[in-house]
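As structure tokens, the structure follows; a few thoughts come after it.
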Amino acid sequence: MNDANRSHDRLARWRASLGGWILSGYGVLAYLFLYLPIVILVVFSFNDSRSTSQWQGFTVDWYYAMFDDRQIILSLWNSFFLAVVSTIIATVLGTLIALGLERYSFRGKTAVDSMLYLPVIIPDIAMAIMLLIFFNLSGIGFQPWKVQFFGVKLAVPYSVIIAHVAFNISFVAIVVRARLAQMDRTLEEAAQDLYANSWRTFRRITLPMLMPGIIGGALLAFTLSLDDFVITFFTSGAGFNTLPVRVFGMIKKGVTPKINAVSTLMLVVSLSLVFLSIIMRRRGGDDEPIQFGF
Amino acid sequence: MANAFAVELRNVVKRFGDVTAVNNVSLQIRQGEFFSLLGPSGCGKTTTLRMIAGFEMPTSGEIYIDGEPLGYMPPNKRPVNTVFQHYALFPHMTVEQNVGFGLEMQGVDKAEIRRRVGEALEMVKLSGMEKRRPKQLSGGQQQRVALARALVNRPKVLLLDEPLGALDLKLRKAMQMELKALQEEVGITFIYVTHDQEEALTMSDRIAVMDEGVVHQVDEPENIYERPADRFVADFIGETNFIPARVVQLGPPVVVEIAGRVRVPAAWAEQGLSEGDQALLSIRPEKINLYEERELGEAGPTTARVEGRIQQMVYVGTDTRHTVRLADGSVLVARLQNIHTEEEPWTVGERTIVEWDAAHARVLRV
């Protein structure tokens, strides 16, 4: 190899490595843009000062303060109760809709099918106003459901529960339906061929095969319900707070690290649920349904 | 009803919208028979099987098992079991649970289920695999589980939908023999759907050849091959020559004119032909011999001879395919076995006398 060739070669290699550096740098910047605010939020929830911009030292006092704040704790219970109830109802209804759409043909199926995606695509604010008008016109109003939940007295308006079910149904139905569509129908025929009636075929074959989808859908619904602000805010009437609504109220009086602490808590819970949901659905992907006893 | 057919179909029709999948099929399947439904894809064989299983209901007509009409009886009430094309094993259950599923659904007690599942797995040589999941088994093993899962219920009829289709060639051949032996051992009536003619010919007691929803012929394998009932069967099963012919005499004996003016005898003419009609003379390539003029022996009353020229020769191992062009331009293929190594081979363009026995020649409608 002669000198000219060698230097040409070196130039090419240098160029390639420069390209690599720029690309990596771009990637790092993009991730910083996305995650730096979250990191700052989490870091300042441990700040030993009222300031959310100047670091004074480490403390977990804000977490204590958060748990001492009765309003926050109540709103946390409200959020939790609302998520549990709306998830259960939405999961049952959403699964039934998915089964109906995938397995039967009926008049108006196309309409139901396309309307199913509506709550997913329309803006939250539109859905919130829609529901608000509906509750006013229908006379359902904002009557609270007074209930003891793990020993805590709660008053949750029916309207909020209905609203959460309304937007969660679609998500559950879509996730379950995707699972149903990839399921081999001859499995059900095989069960019938082996003397199982419709109910036992459903219980022993269809339901276990669908379980990853159903659990995935339920976890998604739970997360969405827990995080929702706009729809809850519009449909709860006065005096009812979920955690996001409570945080919004606190922010109006100024941002303190307590809010950072609450936000961090919500972040951790939401992320864990999303991860769980992904794991559930992935386990379903390789045709390994979840066994559960009846 | 000891004398009843195991399965009988009377004028069964199945329409899906505008498409007629099964068109007026009548079949009588005997007790303990290995019966195949053979035909190209879309011929209605699988639909027929699914109607017997109860997954589809006939548009009209009736299906009987042991002389009893099935009507709209759902699949779970029918005394038949199915081996599905892709096995349809339950992925969330072990081999043992899969095989025992049918017995469990019938309410058989646990000890009895264990015993019979053990027997069934032994029968298909899968003992020791009880705790495995279907995913942990090879294709051939999954196939055996599917077989055991169906047979453990001791059905009156076992329905098999191309059960060997997903296996590789060597395994398929081995399983064919095994399946046939198993059928003879258990004595259950098998209805076997396949598009593989060789498979059907090797395994079946009788075959129904289907196309476009219609049964063309129901017969023993030898008759299906040697005595095809019409053009479709002759064409679909094995290889055959169709030589354009004109019916001279419906006989007996049947005589046709081929290659211009050459009159040759034939064994049989299809119904609906009359003298003077254009027809096809069907003769299998391995039934044909080629001679030089000086080699010719005495011609008997059933000897058919026609002159031609060698057009092409292709060596295919056990035999050589000789394509011969006749005087009118029609072409036929003779497969000559490669046994006479010392014999002088034919050369392209050489004149030859094509000879066959009328017993193998059948006159079919165009």
Side-chain angles (χ1 to χ4, degrees), chain A residues 95 98-99 102-107 109-110 175-176 178-218 279-294, chain B residues 17 46 49-50 52-56 73-94 97-108 113 117 120 133-136 142 145-155 157-163 166:
Chain A
T95 303
L99 281 164
E102 197 62 32
R103 289 296 155 84
Y104 300 96
S105 57
F106 49 89
R107 194 186 290 267
K109 179 174 169 174
T110 324
V175 172
V176 173
R179 174 78 189 166
L180 205 51
Q182 47 164 281
M183 188 183 146
D184 183 3
R185 287 212 61 182
T186 52
L187 291 177
E188 288 168 337
E189 288 185 345
Q192 288 171 34
D193 189 66
L194 295 164
Y195 315 105
N197 58 26
S198 318
W199 166 244
R200 295 177 103 179
T201 301
F202 178 74
R203 213 190 62 189
R204 295 291 305 276
I205 309 299
T206 318
L207 199 54
M209 296 293 294
L210 280 188
M211 228 35 202
I214 295 173
I215 293 175
I279 289 166
M280 281 301 179
R281 271 186 283 172
R282 184 164 306 161
R283 270 195 61 182
D286 60 355
D287 221 27
E288 185 72 58
I290 287 160
Q291 278 280 50
F292 72 116
F294 248 89
Chain B
T46 297
L49 197 79
R50 289 174 60 82
I52 300 171
F55 301 133
E56 309 283 353
M73 190 188 281
N76 53 312
K77 299 255 161 70
R78 298 190 180 205
V80 301
N81 289 113
T82 308
V83 176
F84 291 86
Q85 190 169 7
H86 300 292
Y87 320 134
L89 299 178
F90 307 130
H92 55 303
M93 298 184 193
T94 61
Q97 289 167 329
N98 264 283
V99 177
F101 189 83
L103 296 174
E104 193 194 326
M105 290 298 123
Q106 292 177 95
V108 176
I113 292 178
V117 167
R133 294 285 171 115
K135 250 188 4 189
Q136 298 166 301
Q142 290 182 25
V145 175
L147 205 58
R149 187 176 70 173
L151 281 174
V152 75
N153 304 293
R154 298 179 193 145
V157 180
L158 184 71
L159 308 173
L160 302 104
D161 185 8
E162 308 228 13

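Just so you know, these numbers come straight off a predicted model, no measurement behind them. We name chains A, B, ... by the order of the sequence lines, and we start the count at 1 in each one.
Contact count against chain A (heavy-atom pairs under 4.5 Å) is highest for B:Phe55 among B:Tyr87, B:Phe84, B:Phe55. Each of B:Arg78, B:Gln85, B:Gln106, B:Arg50 has some count of heavy-atom pairs under 4.5 Å with chain A, and the biggest count is that of B:Gln106. By number of non-hydrogen pairs under 4.5 angstrom with chain B, the leading residue of A:Thr201, A:Leu187, A:Asp184 is A:Leu187.
Both the backbone and the side chain of A:Arg204 come within contact range of chain B, judged by heavy atoms closer than 4.5 Å.
Heavy-atom contacts from other residues, nucleotides or ligands closer than 6.0 Å to OH of A:Tyr104 number 12 or fewer. Atom NZ of A:Lys109 has more than 12 heavy atoms from other residues, nucleotides or ligands within 6.0 Å.
The cationic group of B:Arg149 lies under 6.0 Å from the six-membered ring centre of B:Phe90 and within 45° of the ring axis, placing it in a cation-pi geometry.
When each of B:Val117, B:Thr94, B:Leu89 is checked for a side-chain contact (heavy atoms from CB on, under 4.5 Å) with B:Val99, only B:Val117 meets the rule.
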